[in-house]
Amino acid sequence: MKKKLLSFLLATTMVATLATGCGEAATADTGADEPAATTEETTEETTTASGDQTVGIAMPTQSLERWNRDGSYLKEQFESKGYAVELTYSDNKIDQQVKDIEGLIADDVDLLVIAAIDGESLSQVLADAKDANIPVISYDRLIMNTDAVSYYVSFDNYTVGKLQGEFVEKQLDLANAGDKTYNIEFTAGDPADNNAGFFFNGAYDVLKKYIDAGTLVVKSGQTDFDKVATKNWATDEALKRMQNILASYYGDGKTKLDVALCSNDSTALGVTQAIESDYWGDVKDVIITGQDGDVANLANLVDGKQTMTVYKAVANEAVATLDLGIALLNGETPDEGLISAAGWNFDCAYDTESYDNNVAKIPSYLLVPTVVTKDNLEKELVDTGYYTLDANGYPQATN
Ligand code: GAL
């Protein structure tokens with residue numbers, strides 16, 4: 001929040017850049033181990049434009065694959081425009097993330113970009129950010145119960161779930177099932193993640209009518225979000241729960257499991273492992289859904305074990321966050337105009353109604369998710385440059 005003159009300079013530079021379309025797709029490495037807070041600054045001349053403005057980026061963990069990509073895409077995008085970046089990963093530990101954000105505030109960053117581990121745990125530390133006049137972008141997951149968040153960037157989370165539900169509906173032709181019935185089990189995400197409810201409701205709202213009609217049967221009876229949620233989106237939690245369900249309701253060697261609707265890939269991986277090890281039938285006969293395009297899950301897609309994943313191009317989520325961040329650092333109050341001005345080569349909606357964090361409806365930039373199956377994987381993931389195929393035909397992320 002320094003040097004008004006400087007941000008004016010920046011503004012002129014940026015407008016020039018916007019006119020030419022911002023945010024190139026990035027190729028960056030992903031860190032293997034769980035680093036402590038890392039601070040890296042660029043020193044090139046190009047930094048003079050934004051000089052010593054620093055962006056603090058707080059990611060949940062590196063143990064869930066996508067956040068490695070988010071962190072490095074965001075870092076690369078902001079550094080490419082001359083900003084210094086402090087990037088933290090908090091090992092999915094809520095207290096650690098609060099400490100990391102306190103550290104970023106103490107380092108006097110000019111902007112905070114935060115993907116919260118627990119959307120309800122940051123009110124206090126963000127009050128400090130507000131006192132320090134640091135604008136906060138809620139990244140991918142909405143941060144609740146605070147007036148310090150000015151904007152939200154994510155994908156259309158409800159549509160992610162809706163695409164999973166509609167995929168099952170189409171695969172089984174449920175609308176024309178007649179008196180056929182199918183067995184389904186649900187696995188949702190972390191209750192502390194505001195997205196998890198949107199994903200689950202998006203899918204359940206499509207399939208509810210078939211469950212009510214008896215066409216879809218949930219043998220475990222577990223249809224409430226709290227019952228099917230998975231703490232920390234943890235693969236081993238999802239594995240254990242599905243093993244219990246298989247033993248209790250599908251252990252007779254004849255009760256068929258037709259669908260395992262999982263909200264994301266880390267949970268789908270555990271559920272797939274449980275089905276492979278504990279289910280009498282063939283995992284390839286079970287429709288398994290996912291989200292994120294994790295490498296292990298894409299290999300399962302190629303091998304026919306997982307049936308679909310909802311891919312979200314986080315490279316574009318980083319681009320949208322960059323342009324929003326620049327506007328905020330310029331002291332602007334962007335609205336839908338940012339989308340047309342930025343000239344992004346991806347779709348994005350401006351939504352001021354759907355995301356209420358209990359203090360206000362947060363203006364949101366929502367990107368569009370894509371269904372990926374074995375059949376369109378190459379077109380959607382490889383031809384776009386997000387993944388390459390290794391010698392065995394398995395997708396490897398380029399970031
Ligand atoms: C959600 C995110 C998903 C998934 C999940 C677990 O908030 O939107 O893409 O990755 O967290 O990390």
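Reckoned from all heavy atoms, side chains included, excluding hydrogens, waters and symmetry mates. Just so you know, ligand 1 is whichever comes first in the structure, and atom 1 is the first atom listed for that ligand.
- Around ligand 1, the residues contributing at least one heavy atom under 4.0 Å from the ligand are Leu64, Arg66, Trp67, Asp140, Arg141, Asp193, Asn195, Phe199, Trp233, Asn264, Gln291, Asp292, Lys312.
- For the side-chain hydrogen bond (donor to acceptor under 3.5 Å, both in side chains) test, residues two or more places apart in sequence or in another chain that qualify with Glu120 are Asn145.
- Taking the salt bridge (Lys or Arg N to Asp or Glu O under 4.0 Å) definition, one finds that Asp190 meets it with nothing, sequence neighbours left out.
- The side-chain contact (heavy atoms from CB on, under 4.5 Å) test with Ile184 singles out one residue from Asp258, Val217, Thr215, Val259, and that residue is Val259.
- Under a 4.5 Å side-chain heavy-atom criterion applied to ILVMFWY residues, the cluster that includes Val271 comprises Met242, Ile245, Leu246, Tyr249, Tyr250, Leu257, Ile275, Tyr279, Trp280, Val283, Val286, Ile288 as well.
- Tyr210 places none of its side-chain heavy atoms less than 4.5 Å from the side chain of Leu172.
- Evaluated for a side-chain contact (heavy atoms from CB on, under 4.5 Å) with Tyr151, the options Pro334, Ser364, Pro135 yield exactly one hit, Pro334.
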